2 protein chains.
Amino acid sequence: MTEKKVDSDEVITHPMSEDDGISFEMIELLFFAYRDFVADPDTMLATLSYGRAHHRVLHFVNRRPGITVAALLDILKITKQSLARVLKQLIEDDYIAQQPGETDRRQRRLFPTVKGRELALEISKCQARRIEEALQTLPPETKKASKAFLYAMIEPQGRPTVRSLNHGLEALTVFEPDDSSRRK
Amino acid sequence: MTEKKVDSDEVITHPMSEDDGISFEMIELLFFAYRDFVADPDTMLATLSYGRAHHRVLHFVNRRPGITVAALLDILKITKQSLARVLKQLIEDDYIAQQPGETDRRQRRLFPTVKGRELALEISKCQARRIEEALQTLPPETKKASKAFLYAMIEPQGRPTVRSLNHGLEALTVFEPDDSSRRK
DNA sequence: CAAATTAAGTCAACATTACTGACATATATT
DNA sequence: AATATATGTCAGTAATGTTGACTTAATTTG
């Protein structure tokens, strides 16, 4: 019966700290850095009544024009229903257009419109500016080291996707999984 | 009247790439790394029917036992209402306890219970493990460089808070703003 | 001391983003 | 012809966030 104590007795007053052998600093840096990192896009998109979800869809469609819905779902790790809502709006508002797949006409491939590309670039520029400004104040090797760290923080099975976005390995689930004759 | 073109004409087929002078790689690394970073806590807390919001409240209360509601709102940058909902549950479930402030009895200072501390530590350990595993594979200077980068990514006005969490500058809006006679 | 301010809680209403599960349609594949 | 796949859609629900107005209690200020 010692389970239920008086409130003032069971309370802990000393802070959790690095003494516990845990890198709280890094944990919190990730939290705060990411929070501020997405704040800019959030603000910009709010003027269009769009949210973070719209941004992500717009971004990856611009990074992989012709991406299929399935591949997009795989990147975003959200459900079809969640995607459908924001995608519908983006298409209605002419930021994204659909075209049936040439080889597989069940697919509805997603492409940015000119308007969509402009918006995506505007937002990315804003985020890139924050990154560049942060790096400016630091030694040049910081960028490489940070990239390596963030990359290692990603689940192994997600890493190929990330790489493919930057090195044009388009046949890697993301783009044209049918045209995989070139690799593998 | 050249604004409204046929769909197939106005579509953009080439990917946005680093050629546009923007570091998309870093942007996406932050996105994917953060997504996987919060996935572990999300999973653990889901078993308690808690979400990310609960985690954040629990975390900072453990990092700053005795924190006031106002200071917590300032860290989390959410509204009183959003906080109230999750805080109420955490108190009901005996993860967090309230005590009136000694000098200012309007305040309801928040403390972790033993149960709350245990949960917070468990989650932090999990996140720290991911960080340490990532760093293990990389040169030793990576940690310092990454910390510096993430720190520089935070809005300047938020940086003192981050530092205070790690260096016990408790009198910095976060903890005991009344008892500021000791420093300053 | 009375008035104003502050810390916190509460209520109502609402928006966004996410989820699940079931079902429909068209197209490919076997 | 039967099955599988890609996508869309519907209904219902949950978590998290917002705003604005109001209350209570305690502190500060004129």
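Predicted model only: the values in this text are computed from it and were never measured. Chain A is the first sequence line, chain B the second, and so forth, proteins listed ahead of strands; every chain is numbered from 1.
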- Message: What is the distance, to the nearest angstrom, from the CD atom on B:Gln81 to the P atom on C:dA8?
- Response: 16 Å

- Query: So do A:His59 and A:Gln127 actually touch side chain to side chain, heavy atoms under 4.5 Å?
  - Reply: no

- Task: Measure from NZ on B:Lys80 to P on C:dC11 and round the result to the nearest Å.
- Result: 13 Å

- Any side-chain N or O of A:His54 under 4.0 Å from OP1/OP2 of C:dT16? no

- Message: Rounding to an integer number of Å, can you tell me how far A:Asp104 CG sits from D:dT5 P?
- Response: 12 Å

- Task: Provide, to the nearest angstrom, the distance between the CD atom belonging to A:Gln89 and the P atom belonging to D:dT9.
- Result: 13 Å

- Task: Kindly say whether, by distance alone, the side chain of A:Arg106 makes a donor-acceptor pair under 3.5 Å with the base of D:dT5?
- Result: yes

- Task: Could you tell me whether A:Arg35 and A:Glu28 have a side-chain N and a carboxylate O separated by less than 4.0 Å?
- Result: no

- Query: Looking at the side chain of A:Arg108, which of D:dT18, D:dG8, D:dT27 is the nearest nucleotide?
  - Reply: D:dG8

- Message: Please confirm whether the shortest side-chain N or O distance from B:Arg56 to OP1 or OP2 of D:dG17 is below 4.0 Å.
- Response: yes

- Message: Whether A:Thr79 contacts C:dC19 is assessed here as follows: a side-chain N or O lying under 4.0 Å from the phosphate OP1 or OP2. Is that the case?
- Response: yes

- Message: Under a 4.0 Å threshold between the charged nitrogen and the carboxylate oxygen, would B:Glu10 count as salt-bridged to A:Arg117?
- Response: no

- Query: Below 4.0 angstrom from OP1 or OP2 of C:dC19, is there any side-chain N or O of A:Ser82?
  - Reply: yes

- Message: Taking 4.0 Å as the cut-off, does a side-chain nitrogen or oxygen of B:Gln98 come that near to OP1 or OP2 on C:dG9?
- Response: yes

- Query: Whole Å only: how far is the CD atom of A:Gln107 from the C1' atom of C:dA28?
  - Reply: 11 Å

- Integer-rounded Å distance: C:dT16 P and A:Asp42 CG: 13 Å

- Item | DNA chain C: 5'-proximal contact among B:Lys88 and A:Ala53 (nearest heavy atom) | B:Lys88

- Hey, are B:Lys143 and B:Glu132 close enough for a salt bridge, meaning a charged N less than 4.0 Å from a carboxylate O? yes

- Message: Taking the six-membered ring for Trp, are A:Tyr50 and A:Tyr95 closer than 6.0 Å centroid to centroid?
- Response: yes

- Can you check the A:Leu90 CG to C:dT17 C1' distance for me, whole Å? 14 Å

- What is the distance, rounded to the nearest whole Å, between atom CG of A:Leu110 and atom C1' of D:dA6? 12 Å

- Message: I want to confirm an ordering. Mapping B:Val69 and A:Arg85 to their closest nucleotides on DNA chain C, which one lands closer to the 5' end?
- Response: B:Val69

